Amino acid sequence: MTITGNLTRDPQLRIGSRTGDPFAALAVAVNNRRLDKESGQWVTTGTTYFDVLCWGALGANALRSFSKGDPVIVHGKFRLREWTSDTGPRVNPTVDADSIGPDLTFGTAAFSRGSSTYGLDRVEEHDPDQDPSGEDGLDALADEDGVVSDEQAAVLAARGGMAEDVEDREAA
């Protein structure tokens with residue numbers, strides 16, 4: 001599956017609860033657009049929000065390359081993460097990214113060969129006590145190592161917050 005959209009927040013460093021492996025979690029808004037024949041203008045008819053999970057070197061590079069508002073193209077495996085909250089069943093569309101890059105429809109980019117790491121330089125830039133959305137999110141539920149249990153993530157999902165998947169890739 002391929003999606004194009006804009007990041008709704010800066011990429012976040014996450015730690016898999018089962019493996020302890022770091023990964024990047026991105027939130028992408030995809031606008032559904034159509035041409036209005038009467039006005040001749042493109043109109044947005046709705047927005048779909050996807051969680052995008054980037055593993056390994058891809059995740060480390062995404063953390064260093066993207067920020068809130070950036071237009072991106074993501075290609076990967078689609079899945080629906082389902083859970084039950086106090087208000088009933090909930091579903092969250094998620095893409096396990098195989099590749100990601102800037103959408104050059106809206107600007108230019110300069111490519112740099114090489115790979116970033118999940119080194120301390122990036123961890124120091126990410127403040128786990130600050131939720132970029134301004135609401136209590138997974139960051140507020142994470143322990144000092146940035147790990148959020150599946151139960152804690154389910155509590156946040158029940159409150160209607162962003163539901164980043166903290167399971168490792170093989171559990172999908």
Side-chain angles (χ1 to χ4, degrees), residues 1-14 16 23-55 58-109 125-142 146 148 150 152-167 169 171-172:
M1 161 179 223
T2 301
I3 61 171
T4 61
N6 292 354
L7 296 182
T8 63
R9 64 164 188 252
D10 287 339
Q12 296 180 334
L13 174 64
R14 296 282 181 231
F23 64 95
L26 292 77
V28 178
V30 177
N31 290 323
N32 304 319
R33 298 178 52 86
R34 67 171 182 80
L35 181 62
D36 182 332
K37 291 182 182 182
E38 290 180 15
S39 69
Q41 301 291 319
W42 285 94
V43 295
T44 300
T45 59
T47 303
T48 305
Y49 298 91
F50 291 86
D51 285 343
V52 175
L53 306 180
C54 300
W55 302 88
L58 179 64
N61 289 339
L63 284 169
R64 296 197 52 98
S65 300
F66 298 113
S67 59
K68 179 179 179 177
D70 285 348
V72 295
I73 299 174
V74 179
H75 181 77
K77 295 165 196 69
F78 175 76
R79 63 188 166 102
L80 290 174
R81 183 174 176 276
E82 300 176 1
W83 70 93
T84 302
S85 72
D86 294 340
T87 59
R90 306 270 312 237
V91 177
N92 189 51
T94 302
V95 177
D96 285 318
D98 293 323
S99 58
I100 185 171
D103 185 346
L104 298 181
T105 304
F106 303 103
T108 63
E125 294 173 14
H126 174 73
D127 182 357
D129 296 325
Q130 178 184 2
D131 183 5
S133 69
E135 302 172 9
D136 289 336
L138 283 176
D139 289 333
L141 297 174
V148 178
D150 293 340
Q152 290 169 316
V155 167
L156 178 63
R159 292 190 311 208
M162 188 69 176
E164 285 87 5
D165 189 353
V166 294
E167 296 176 3
R169 193 175 218 173

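None of these values were measured; they are calculated from a predicted model.
When all heavy atoms of Ala24 and Gly59 are compared, the closest pair comes out as CB-O, 3.5 Å. Shown here for Ser67 and Pro11, the closest heavy-atom pair between the two residues is CA-CD, 4.1 Å. The two residues Trp83 and Val91 have their closest heavy-atom pair at CZ3-C, 4.0 Å.
Under the side chain to side chain donor-acceptor pair (under 3.5 Å) criterion, Thr48 pairs with no residue at all, not counting sequence neighbours. Shown here are the side chain to side chain donor-acceptor pair (under 3.5 Å) partners of Thr47, two or more places apart in sequence or in another chain: Asn31. Residues that satisfy the side-chain contact (heavy atoms from CB on, under 4.5 Å) test with Leu58, not counting sequence neighbours, are Cys54, Ala97, Ile100. Checked against side-chain contact (heavy atoms from CB on, under 4.5 Å), Asn6 has the following partners two or more places apart in sequence or in another chain: Pro71. With sequence neighbours excluded, the residues that form a side chain to side chain donor-acceptor pair (under 3.5 Å) with Thr105 are Asp103.
Distance check: Arg90 CZ to Glu82 CD gives 12.5 Å after rounding to the nearest 0.5 Å. Atom CG of residue Asp51 and atom CG of residue Leu53 lie 6.5 Å apart, to the nearest 0.5 angstrom. Taking CZ of Arg9 as the reference point, atom CG of Leu26 lies at 7.5 Å (rounded to 0.5 Å).
For the pair Phe78/Ile3, no side-chain contact is recorded, criterion being any heavy-atom separation below 4.5 Å from C-beta on. Considering only heavy atoms from C-beta on, Leu80 comes within 4.5 Å of Pro93 through its side chain.
Looking only at distances, a side-chain donor or acceptor of Asp10 sits under 3.5 Å from a matching main-chain atom of Lys68.
Applying the side-chain hydrogen bond (donor to acceptor under 3.5 Å, both in side chains) definition to pairs two or more places apart or across chains, those involving residues 32-42 are Arg33-Thr44.
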